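Since the structure comes first, as structure tokens, the remarks are kept for the end.
Note that the structure is predicted; figures quoted are calculated from it, not measured.
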Amino acid sequence: MTDLGAFSYSTDLVIGGNKVAVSIDDRIVIADTTGEVEGTITGLSGAYGLAMTPDGTRLYAALTGSKEVAEIDTATREITRRVDLAAYGCPSSLALTGERLWVGYGCDGALGVLSLDLSVTTPEPAPFEVPLKAGPFLAAAGNTLVVGERGGSPADLFVYDVSGAAPVFRGEIDGHTYNTGRLNDVTVTPDGSHVISAFAVPDAFDMWDATTLARVHSYEKGPEAEGYPAAVAVSPDGAYIAGGRNYLPTGMTLYDTASGAEIYAASPPEGEIVDGSAAFSGRDIFSLLQTDSDHLYLWRLHGVNLPASTLTLTAEPGAAAQQPLTLTGRLAFDDGTVPGAQPLAVTRTLPDGTSTELPSVITAADGTFTTTDTPPIGGELTYTVLWNGDESHRWSKASLTTEVRYVTTLTLTGPRSAVAGTRLVFSGQLQVAGATAPRSGTIIIRRTRSGDGGETVQRPVGINSRASYTFTDVLSAGEYTYTARWAGGGQTGPAQASHVVTVYEPTE
């Protein structure tokens, strides 16, 4: 998660090479493909749609406010040229094929699409007719350009062949025929053979043949998913589709393109996926998240198309503050291969939210591991173990919350011998190492008489404001063992103490 500041409804996300670009109204943020922000381009007027060259060196931004397209050098983050589009309306959506930039525009009553030849010093707009009823949403790859109607229901997709000097209309995916409405995103497979749409209606990511325009597959939500399709992207090799939905519990789902099987799913750490914001970077997926307070985050899902790994973590029972605690677990690969020696990061989080990175641990050849920590305080402590993944398997982590109690001691004193029939007084003290002892609660007193036919009697005794307790008893002759037991509670551990008294018959 990378904090990008205030959310803007003029927001787009693109990736090229090792660069990630996000438009946020009056600025564009440039980050690397780990999510680390490299710099910000400011002073822009309504930065919205973005397109980037595959090597990430050049970025194109549709500036709706100034009605122009800006070309940006991503290394210097400087604008290298501007193309005036005031005669055509406000540019809002961009798509790039080779040295041709496709621009969708729409404001002041004008809607349309044009192309710019980027190979010349001063590109001239070349508009072409698209029968749009709503603002355009563009996507392109290979020899295919698709123009979608961003709003409205029904909403259409218009598909063009862009292999020649001018676009050739292939046909329309009709919203009336397929009952499609409210287009939130659209993409084209890398070879240009298929179009993948994210319509809010119907509730699925649909794949369309870019030549016949027939629907060939629907990637529908699983039984646990909620919300409507918001963003869609296809991996560079075309093997996977990332579909983002709004509303929990499922945010981003990875599908196998050919079979439609769900490979991976993840819920946003917070907020919801921004419409139209999904992009692949190698094995990673990037998306934008908007929180309830209109804060914007760049969300990186790392290594999602790799075979999964699984971590387990358990803690020995009876954890005590300032006493060693043993944690055990195992790293396993879903494909059945043996992990071997792998480094794991271990983190401890205290009840107040303070986290500490503990010494890392290396798994054994079979993936098992053991580590020891000394909890500094009592309360609910959370331990997290993370494996960062490798070139062959996806990362995984495991967490557990364990109740850590302070070491508690209990004393019990009284007479060692006594005469039958006399009143005996016993007392004790409850002590907690590192914390205040309870000033209320109950001690359970168990009295057992030794010998054949001995009886056992149990009774509760209250703790007073000094964390002590007293009780009295009257006994007949015999040997008795008293056991005082504190069951523990809150952050205190259990404790017990014993005392033996011998009672004699009175002498004449």
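Under the 30°/60° scheme for interplanar angles, the aromatic rings of Y297 and H295 are found to be tilted.
When side chains are defined from C-beta on, P154 does not count as touching V201, because their heavy atoms never get closer than 4.5 Å. With contacts defined as side-chain heavy-atom distances shorter than 4.5 Å, the pair L157/V147 does not qualify. Proximity of V232 to Y219: side-chain heavy atoms (C-beta onward) are nowhere separated by under 4.5 Å. Y255 has its side chain out of reach of I263: every pair of non-hydrogen atoms, C-beta onward, lies at least 4.5 Å apart. Between L289 and I273 the shortest side-chain heavy-atom distance falls below 4.5 Å. With a 4.5 Å cut-off on side-chain heavy atoms, H217 and H194 do not count as touching. Using a 4.5 Å heavy-atom cutoff, the side chains of F128 and L114 are not in contact.
For the residue pair D206 / S218, a side-chain donor-acceptor distance below 3.5 Å is found, with atom types taken as modelled. Remark: the Y240 side chain and the D256 side chain contain no N/O donor-acceptor pair separated by less than 3.5 Å. Side-chain polar atoms of T347 and T384 form no donor-acceptor pair below 3.5 angstrom. With no hydrogens or angles considered, a side-chain donor-acceptor pair links E71 and T80 at under 3.5 Å. At a cut-off of 3.5 Å, with distance as the only test, no side-chain donor of S23 or T11 sits close to an acceptor on the other residue.
A salt bridge between E149 and R182 is absent, with no side-chain N of the basic residue lying under 4.0 Å from a carboxylate O of the acidic one. A salt bridge links D203 with R245: the closest approach of a Lys/Arg side-chain nitrogen to an acidic carboxylate oxygen falls below 4.0 angstrom. Taking a cutoff of 4.0 Å between a charged side-chain nitrogen and a carboxylate oxygen, E391 and R283 qualify as a salt bridge. For E357 and R348, the salt-bridge test fails: no basic side-chain N is under 4.0 Å from an acidic carboxylate O.
Put simply, the side chain of S287 gets close to the backbone of S277: a donor and an acceptor are under 3.5 Å apart. Between the side chain of T144 and the main chain of G192, a donor-acceptor pair closer than 3.5 Å is present. For E316 (side chain) and T326 (main-chain N/O), a donor-acceptor pair under 3.5 Å exists by modelled atom type. With T187 contributing its side chain and I196 its backbone, the two residues share no donor-acceptor pair below 3.5 Å. In terms of modelled atom types and a separation under 3.5 Å, the side chain of T363 and the main chain of Q342 share a donor-acceptor contact. Using modelled atom types, one side-chain atom of R170 and one backbone atom of A210 make a donor-acceptor pair closer than 3.5 Å. Counting only distance, with no hydrogens or angles, the side chain of T180 and the backbone of A155 share a donor-acceptor pair below 3.5 Å. Formation of a donor-acceptor pair under 3.5 Å by the T312 side chain with backbone atoms of R330 is found in this model. Here the side chain of S235 pairs a donor or acceptor atom with the backbone of A239 at under 3.5 angstrom.
Interatomic distance, CG of N246 versus CG of D275, reported as 6.0 Å (0.5 Å rounding). The distance from atom CZ of R215 to atom OG1 of T177, rounded to the nearest 0.5 Å, is 10.5 Å. To the nearest 0.5 Å, atom CG of residue L331 and atom OG1 of residue T368 are 10.0 Å apart. In this structure, CD1 in I362 is found 10.5 Å from OG1 in T371, a value given to the nearest 0.5 Å. For the atom pair OG (S197) and CZ (F205), the distance works out to 9.5 Å, reported to the nearest 0.5 Å. Atom CG in L298 sits 5.0 Å away from atom OG1 in T2 (nearest 0.5 Å).
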Report task. Start with the C-alpha distance between D156 and H176, add both sets of side-chain angles, then the distance that settles side-chain hydrogen bond (donor to acceptor under 3.5 Å, both in side chains), and finish with yes or no. Result -> CA-CA 8 Å; D156 303 328; H176 283 284; over 6 Å; no
Report task. For side-chain hydrogen bond (donor to acceptor under 3.5 Å, both in side chains), just list the numbers for T34 and E36, CA-CA rounded to whole Å, side-chain angles, deciding distance to a tenth of an Å, and then say yes or no. Result -> CA-CA 6 Å; T34 69; E36 186 75 20; 5.1 Å; no
**Report entry** Residue pair T328, T370: steps toward the side-chain hydrogen bond (donor to acceptor under 3.5 Å, both in side chains) verdict
**Finding:** CA-CA 4 Å; T328 58; T370 300; 5.8 Å; no
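Residues Y60 and W102 keep their aromatic ring centres 6.0 Å or farther apart. With ring centers used as reference points, W387 lies under 6.0 Å from F333.
For the pair L132 and G148, the tightest heavy-atom approach, listed with the atom from each and the gap, is CD2-O, 4.4 Å.
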Listed pairs under 3.5 Å, donor-acceptor, residues 302-310 side chains, sequence neighbours left out:
residue	atom	partner	partner atom	Å
H302	ND1	D284	OD1	3.1
H302	ND1	R300	NH2	3.0
S309	OG	R394	O	2.5
S309	OG	S396	OG	2.8
T310	OG1	D334	OD1	3.3

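Exactly one of L59, V22, T40 qualifies for a side chain to side chain contact (heavy atoms under 4.5 Å, CB included) with I30. That residue is L59. The side chain to side chain contact (heavy atoms under 4.5 Å, CB included) with L63 is formed by just one residue from the set L44, V69, V83, L85; it is L44.
The number of heavy-atom neighbours closer than 6.0 Å to CD of E380, taken from other residues, nucleotides and ligands shown, is 12 or below. Environment of CG in D292: sparse, with no more than 12 heavy atoms of neighbouring residues, nucleotides or ligands closer than 6.0 Å.
Considering only residues two or more places apart in sequence or on other chains, R100 meets the salt bridge (charged side-chain N to carboxylate O under 4.0 Å, His left out) condition with none of them.
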